[in-house]
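Read the structure below first, then the notes.
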Number of protein chains: 2
Amino acid sequence: MPTDETRTAILTAAEQLYAERSFGEVSLRDIVAAAGVNLAAVNYHFGSKDELLAELFLSRATALNRERFAALKEAEAAGDGRADVEAILRALAGPPIRWCLGADRQRSAAARFMTRAAVETVPPIRKIVERDITHLRRFADALRRALPDREEVDVYWGLHFALAMIRQTTTDSERLRKLSGDLCDLDDVDDIIERIVQLASAGLTGKTAPLRKERAKAAAAKG
Amino acid sequence: MPTDETRTAILTAAEQLYAERSFGEVSLRDIVAAAGVNLAAVNYHFGSKDELLAELFLSRATALNRERFAALKEAEAAGDGRADVEAILRALAGPPIRWCLGADRQRSAAARFMTRAAVETVPPIRKIVERDITHLRRFADALRRALPDREEVDVYWGLHFALAMIRQTTTDSERLRKLSGDLCDLDDVDDIIERIVQLASAGLTGKTAPLRKERAKAAAAKG
DNA sequence: GTCTATATTCGGATAGAC
DNA sequence: GTCTATCCGAATATAGAC
């Protein structure tokens, strides 16, 4: 691995740049300038810009998924095969939030790069992102096992909202800081994860006010 | 306004295309082809690609904000000057979700265009997006008035999570549909808004399980 | 106001020396 | 494996006729 440091220099630089600007806005020339390597090196090592992007995304997504799965497995082991809702959510939210807001600059860039790549419409990315749905399915299944009495649609909506909070926090934390006048402490990573876990958990377990439909139903039953 | 229909044809076509692909991926040639107008018309009417984007975004953002404000004002009037949390959230979430998931294709494109534009790093957009924080501040203020006993940071976090759910639902509803095997009904717009409002409201009013810190505090007080 | 034709810039890719 | 030099296509922007 230390042999071709040119390869990793390119990947690192690309990741850093993609964390802040979109795919189309970052040119190969920007990347090689940041990496301190020659322009031709990109095509030599990766073949094309698209393939560079694909390899980068695959590499980071694999690492993140691995970490999430490990946490999920651990939670399931701790619960004798069935993890509880909060533990599942912590396995889902912990890794990306820690990566993004933690001290490790490289990891932070990786996390922001990935949320940006997730909405990218470039073909090589789309393919990998679609595969990512498989990864989510395992979390959905774990949640359904943890909530056998809950309607299936509610579980999916709950997962959807959990992912929403994770994404927003990795992409728009800066706006929150500004909006709150620096009141919201984005360095207290564990607190943030816990906020997400608790609220997402409330959504999944149905500890919110009844939905309009159910209220209407209840009113009808009453009246 | 009906005079130069070329202008509006360009705006409409651009909006449609930007709803699905990013700024850098849509060329002026794509736009004029979709609009059925000449290439030079863009520069004649708008000056440049950037200015076209800026005008489009400003126009749609203004319309959306107006609708949100009207709903907020109405809620405040109904509550004799102080709107309750759910009404505020409904004013925040209703317009974008109805636009995005409603039947009006134009409106749907507008909503998706805007969430895409919000993460765009192109200068002309950044400027307008930053102004948008002012718009959010009014909602933050309304929420603080509705929740005088609640810690200020919790209000900001609650707003952050509400925005998260709105954004995710406007951008990734397709993934949810797939993941749930078509179980989640994305046509029942009112139900979706209500899901968002109820969960966001739970987050704001603190009806979730206590955070780790507070639990630790409670345990310390007890033991 | 609308079109054709063109200027100009930029970015991805490659050939070929070292 | 790395570099220089260059090709080629694409896209924005504009000049100027109608």
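Residue numbering restarts at 1 for every chain, and letters A, B, ... go by the order of the sequence lines.
Of the residues B:Glu20, B:Arg21, B:Glu25, the one that meets the side chain to side chain donor-acceptor pair (under 3.5 Å) test with A:Thr121 is B:Glu25.
Between A:Arg175 and A:Asp172, at least one side-chain nitrogen of the basic residue sits less than 4.0 Å from a carboxylate oxygen of the acidic one, meeting the salt-bridge criterion. In summary, B:Glu130 and B:Arg126 engage in a salt bridge, as defined by a charged side-chain N under 4.0 Å from a carboxylate O. With respect to the salt-bridge test (charged N to carboxylate O, under 4.0 angstrom), the residues B:Arg195 and A:Asp154 qualify. At a threshold of 4.0 Å, the pair A:Arg137-A:Asp141 does not count as salt-bridged, since none of the basic side-chain nitrogens sits closer than that to a carboxylate oxygen.
A heavy atom lying under 4.0 Å from DNA chain D marks the following residues of residues 33-53 of chain A, by number: A:Asn38, A:Ala40, A:Tyr44, A:His45.
Relative ring orientation between B:Phe23 and B:Tyr18 is described as tilted, the plane-to-plane angle lying within the 30° to 60° band.
First and last contacts of DNA chain C with chain B, using any nucleotide atom under 4.0 Å from a protein heavy atom and ordered 5' to 3', fall at C:dG1 to C:dT4.
Within a 6.0 Å sphere centred on CD of A:Glu151, other residues, nucleotides and ligands contribute 12 heavy atoms or fewer.
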